[in-house]
**Student:** 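If you scroll down you'll find the structure; I have some questions about it.
Throughout, a chain's letter reflects where its sequence line sits, starting with A, and its residues are numbered from 1.
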There are 2 protein chains.
Amino acid sequence: MKLTTKGRYAVTAMLDLALHFDKGAVTLADIARRQGISLSYLEQLFAKLRRGGLVDSVRGPGGGYNLAVPPSKITVAEIIVAINENIDATRCGGEKNCHGDQACLTHQLWEDLSVRIYEFLHGITLADLVSKPQVQQVASRQESRVPATITR
Amino acid sequence: MKLTTKGRYAVTAMLDLALHFDKGAVTLADIARRQGISLSYLEQLFAKLRRGGLVDSVRGPGGGYNLAVPPSKITVAEIIVAINENIDATRCGGEKNCHGDQACLTHQLWEDLSVRIYEFLHGITLADLVSKPQVQQVASRQESRVPATITR
DNA sequence: ACATTCCTGACGGCTTTAGTCAACTTTAAC
DNA sequence: GTTAAAGTTGACTAAAGCCGTCAGGAATGT
């Protein structure tokens, strides 16, 4: 389980999609504006999300992205896994050859931790996040915002 | 809570110290040989561990490093915190200004996760790790090893 | 046709990681 | 008191990953 800002961007973007789940396709430009993420970077992230089967895309005018399944069926862990193709927290990638030909001293520790983190994030769906008061509060503020100018 | 290979190196090295807790000072050269970590890199890590008060150093011949307190008093979380001076998993460093002037949508999520990871790692001491059969098994193999040549 | 939007690949700056090298200080042992 | 073992510090490099930009292309509704 690798946790970087990349994964955080992805979860934020997916949460934005979840907030507009029943309102038709959402363009990346909208997400970029609302969440303050560069459009081109979003394009990269969504390419992976699409390959991971988490979102559906609609081309052409009026197009955009939609969640492939309802928010209650998508967990945070799935999003992060789709973004970071390498998932293991261990040094050896599960090969247990971290140290020469043998497992390193702390191999088991990182494996345990990895499982814990995964379980935590797997227990949280987008629907869970949407229902949080804090999220709704921030979201409503974003709706009423003056659109900023978007580069490219 | 930032989890990188850097932190893993540090925990592995500290575990090595814990395994030799009652046997006098341990040189970095020994750790480098046993754990397959570059000596110069260990020097950097132990400078931080020393500043963090986790280890004591003894200079001169016969010198080396010792745990500053018994293994049962040192948690994995402390080690990682000492190594990565920045601890927060959130984008804004607790400032809650992740997105312009307001907290980003997922601020709370990362804060929660951060706490979870910290609690997990704070619940594991070096003594816990030492008592694990797997660790002892790997450790005993390392003791009987032919010393490899060390560069510089 | 045309504008909109997704899609793809290449590229560059930046930070972090991992490791190297060199010089220095302390101190035990001879 | 010399010497050698060890820690201490700082500068440096190479590689990787992150973040973002740019340029073009493909699909598609109007």
**Student:** Mind listing the closest non-hydrogen atom pair of Phe46(A) and Leu28(A) along with its distance?
**Tutor:**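 That would be CD1-CD2, 3.5 Å.
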
**Student:** Could you check how far CG of Leu28(B) sits from P of dG19(C), rounded to whole Å?
**Tutor:**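 Spelled out: CG on Leu28(B) to P on dG19(C) is 15 Å.
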
**Student:** Side chain of Ser40(A), heavy atoms from C-beta onward: which of dC7(C), dA11(D), dT21(D) has the nearest atom to it?
**Tutor:**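 Selected nucleotide: dT21(D).
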
**Student:** Can you name the closest pair of heavy atoms from Val11(A) and Ile80(A) and give their distance?
**Tutor:**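 For Val11(A) versus Ile80(A), the nearest heavy atoms are CG2-CG1, 4.1 Å.
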
**Student:** In whole angstrom, what separates Glu43(B)'s CD from dC12(D)'s P?
**Tutor:**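 Computing the Glu43(B):CD to dC12(D):P distance gives 18 Å.
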
**Student:** So what does Phe46(A) hit on the nucleic acid, given a heavy-atom distance under 4.0 Å: a base, only sugar-phosphate, or nothing?
**Tutor:**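 No contact.
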
**Student:** To the nearest angstrom, how far is Ile37(A) atom CD1 from dC18(D) atom P?
**Tutor:**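 Nearest whole value for this atom pair: 15 Å.
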
**Student:** What integer distance in Å separates Lys48(B):NZ from dT8(D):C1'?
**Tutor:**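 These atoms are roughly 15 Å apart.
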
**Student:** Check every strand shown and say whether Val55(A) touches a base, only sugar-phosphate, or nothing at a heavy-atom separation below 4.0 Å.
**Tutor:**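 Touches nothing.
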
**Student:** Provide the closest heavy-atom pair for Ile79(A) versus Leu54(A) in the form atom of the first, atom of the second, distance.
**Tutor:**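 Closest approach of Ile79(A) to Leu54(A): CA-CD1, 3.8 Å.
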
**Student:** Of all heavy-atom pairs between Ala32(B) and Ser38(B), which one has the smallest distance, and what is that distance?
**Tutor:**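 Nearest heavy atoms, Ala32(B) then Ser38(B): CB-C, 4.5 Å.
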
**Student:** OP1 or OP2 of dC22(D) sitting under 4.0 Å from any side-chain N/O of Tyr41(A)?
**Tutor:**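 For dC22(D), neither OP1 nor OP2 has a side-chain N or O of Tyr41(A) closer than 4.0 Å.
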
**Student:** Is Tyr65(B) near enough to dA6(D) that one of its side-chain N or O atoms lies under 4.0 angstrom from OP1 or OP2?
**Tutor:**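 For dA6(D), OP1/OP2 do not have a side-chain N/O of Tyr65(B) under 4.0 Å.
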
**Student:** Would you kindly give the CD1-to-C1' distance between Ile83(B) and dT16(C), to the nearest whole Å?
**Tutor:**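 Nearest whole value for this atom pair: 14 Å.
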
**Student:** Compare side-chain N and O positions of Ser57(A) against OP1 and OP2 of dC7(C) and report whether any pair is under 4.0 Å apart.
**Tutor:**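 Ser57(A) to dC7(C) OP1/OP2: side-chain N or O found under 4.0 Å.
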
**Student:** Over how many whole Å does the gap from Lys6(B) atom NZ to dG19(C) atom P extend?
**Tutor:**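 Going from Lys6(B) (NZ) to dG19(C) (P), I get 12 Å.
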
**Student:** What is the distance, rounded to the nearest whole Å, between atom CD of Gln44(B) and atom C1' of dG7(D)?
**Tutor:**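 Value for this atom pair: 14 Å.
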
**Student:** Set out, line by line, the N/O atom pairs under 3.5 Å between protein and nucleotides 26-30 of chain C.
**Tutor:**
residue, atom, partner, partner atom, Å
dT26(C), O4', Arg59(B), NH1, 2.6

**Student:** Which one of Val69(A), Leu67(A), Ile74(A) satisfies the side-chain contact (heavy atoms from CB on, under 4.5 Å) criterion with Pro71(A)?
**Tutor:**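 Going through the options one by one, the only one that passes is Leu67(A).
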
**Student:** Ignoring backbone atoms, establish whether Arg50(B) has a side-chain N or O less than 4.0 Å from OP1 or OP2 of dG7(D).
**Tutor:**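 For dG7(D), neither OP1 nor OP2 has a side-chain N or O of Arg50(B) closer than 4.0 Å.
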
